[in-house]
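Take a look at the structure set out below.
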Amino acid sequence: MADDKKYITSEELSKHNKSGDLWLSIQGKVYDVTDWAKLHPGGEVPLLNLGGQDVTDAFIAFHPGSAWKHLDRFFTGYHLRDFHVSDMSRDYRNLATQFTRSGMFEKKGHGVIYSLCFVSVLLAICFYGVLRCDGFLTHILSGGLLGLIWMQVAYLGHDSGHYNIMISPRFNKLAQILTGNCLTGISIAWWKWTHNAHHIACNSLDYDPDLQHLPMLAVSTRFFTNLTSQFYGRKLEFDQIARFFISYQHLTYYPVMCVARVNLYLQTFLLLVSNRRVPDRALNLLGIMIFWTWFPLLVSCLPNWTERVLFVLASFCVCAVQHIQFTLNHFAADVYVGPPKGNNWFEKQTAGTIDIDCPSWMDWFFGGLQFQLEHHLFPRLPRCHLRKVSPIIRELCKKHNLPYRSLTFVEANKWTLRTLRAAAVEARDFSMAPRNLLWEAVNTHG
């Protein structure tokens, strides 16, 4: 029987990889998502980063089964002639199917209820400590408690950004605004914009915004070549100011983490007042206004400026543990330059992530993100299942000779500091840069 299907090659597909002409392949069928890209709930950036490629694994990772029925309206009529599924991808897709059939993506447990109750109790204690107690130490401890609250609330916001933690999408959006904008002052719109790009381009120096921290931090000497950030659309200048800060970054790392929230507040503001398309901009702005109403009012209730400053510093320093955790998961992992590839999804996630080994009774503290690889492979999987699937992922990595890195919190800190120090040393001796950059170009995992 004659094959009536129309075919194009991967090379032909790769030409449709930009805004205004954006095609993707899923399971060998080619789709035109040019007009859909700007309406895509996950943002336009992930589609552009993977444009002109087969993206089956990434599609499976980020979308529930109900999303498949929406693809037909984008079908171009073409199939990919040289469509091929690697053994690694086949095993990954089988595992995703296994998790789906077992109902793991739908069974969320009672963690959200427990977390909300826990946060409510902590918030009540914090307010009581500020409003009803007079002791200096009580006030500072209340600030530290607020930092712990921000950590726990951020985990809830993170969960709600990847899957529905509430009974409906509308209530889930409300939970996002409440946990992100209203309670932490960080816009859920900003988080989605950057976080989805991070997941897709995990540890790409020029595509992953979570590695682009010049002039304060650089995890690789490749940043010394003035890389262009494809995410921000600007050159990351390695000037004299950046060189100075990078030269001492292994010493300033923890202090920088203590004030990292200031940068997040600034990034939130810049996005919400920009000309960029921002979903639910008004709702996000309202949430931010609520935060910047109650937080300054709470601080103003303290008796003097010394206690006010120390209260804020205590909250920032405690919450810095979370910022440190985020960097431990990626800073010391493998990096590369260039766009992500759709045909090595599993491999890039294993190369770019580091798990934090901790006992099960500490899972609440790390919010599930200690299982960073498991989360990156299955971002829609509720955190209550991550520990269960960890041994399965470990065995799959072993089968395909891929790294599965799980370090204690202390070890992960040492790895990160070692990475930062290595780049700091090169920044100080930039006269050796040509030789060093050539060495790294050869040895960087890409």
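All heavy atoms count here, side chains included; hydrogens, waters and symmetry mates do not.
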Ring centres under 6.0 Å, that's the criterion: do Phe74 and Trp36 meet it? yes
Using the ring centroid of each side chain, check whether Phe291 and Tyr265 are separated by less than 6.0 Å.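 Judged by ring-centre distance (under 6.0 Å), Phe291 and Tyr265 do meet the cut-off.
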[X]: which residues meet the salt bridge (Lys or Arg N to Asp or Glu O under 4.0 Å) condition with it, sequence neighbours left out?
| X | result |
| --- | --- |
| Asp280 | Lys173 |
| Asp363 | Arg387 |
| Asp355 | none |
| Lys399 | Asp91 |

Shortest non-hydrogen contact from [X] to [Y]?
| X | Y | result |
| --- | --- | --- |
| Ile149 | Val119 | CG2-CG1, 4.0 Å |
| Ala423 | Phe224 | O-CZ, 3.4 Å |
| Thr225 | Arg222 | OG1-O, 2.6 Å |
| Ser247 | Ala424 | O-CB, 3.4 Å |
| Gly338 | Asp206 | N-OD1, 2.8 Å |
| Ser274 | Arg281 | O-NH1, 3.1 Å |

Spacing of [X] atom [atom1] and [Y] atom [atom2] [to the nearest 0.5 Å]:
| X | Y | atom1 | atom2 | value |
| --- | --- | --- | --- | --- |
| Leu313 | Ser315 | CG | OG | 7.5 Å |
| Asp210 | Phe231 | CG | CZ | 8.5 Å |
| Trp415 | Glu411 | CH2 | CD | 8.5 Å |
| Asp239 | Leu236 | CG | CG | 11.0 Å |
| His199 | Leu377 | NE2 | CG | 10.5 Å |

Quick one: side-chain hydrogen bond (donor to acceptor under 3.5 Å, both in side chains) pairs with a partner in residues 67-84, sequence neighbours left out? Ser10-Asp82
With the side chain counted from C-beta on, respond yes when [X] and [Y] share a heavy-atom pair under 4.5 Å apart, and no when they do not.
| X | Y | answer |
| --- | --- | --- |
| Ile165 | Tyr163 | yes |
| Lys235 | Leu227 | no |
| Glu44 | Ser19 | yes |
| Phe83 | Asp54 | yes |

Which pairs would a plain distance check flag for residues 101-116, meaning a side-chain donor or acceptor within less than 3.5 Å of a matching protein atom at least two apart in sequence or in another chain?
from, atom 1, to, atom 2, distance (Å)
Ser102, OG, Gln98, O, 3.3
Ser102, OG, Phe99, O, 2.8
Lys107, NZ, Ser102, O, 3.2
Ser115, OG, Gly111, O, 2.9

Test of understanding: with side chain to side chain contact (heavy atoms under 4.5 Å, CB included), list the residues that count as partners of Pro339, not counting sequence neighbours.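 Expected list: Tyr207, Lys341.
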By side chain to side chain contact (heavy atoms under 4.5 Å, CB included), which residues pair with Cys397, not counting sequence neighbours?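 Scan of Cys397 (side chain to side chain contact (heavy atoms under 4.5 Å, CB included), adjacent residues dropped) gives Phe346, Thr350, Leu373, Ile393, Leu402, Tyr404.
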Check the pair Arg261 / Trp150 against side chain to side chain contact (heavy atoms under 4.5 Å, CB included), numbers first and verdict last. CA-CA 11 Å; Arg261 295 192 71 79; Trp150 283 339; 3.6 Å; yes
Just jot down the side-chain hydrogen bond (donor to acceptor under 3.5 Å, both in side chains) partners of [X], sequence neighbours excluded, or say none.
| X | answer |
| --- | --- |
| Glu237 | none |
| Thr419 | none |
| Gln372 | Asn329, His330, His376 |
| Thr34 | Asp32 |

For the side chain to side chain donor-acceptor pair (under 3.5 Å) test, which of His158, Arg383, Arg380, Gln349 pairs with His375?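 Output: one option passes, namely His158.
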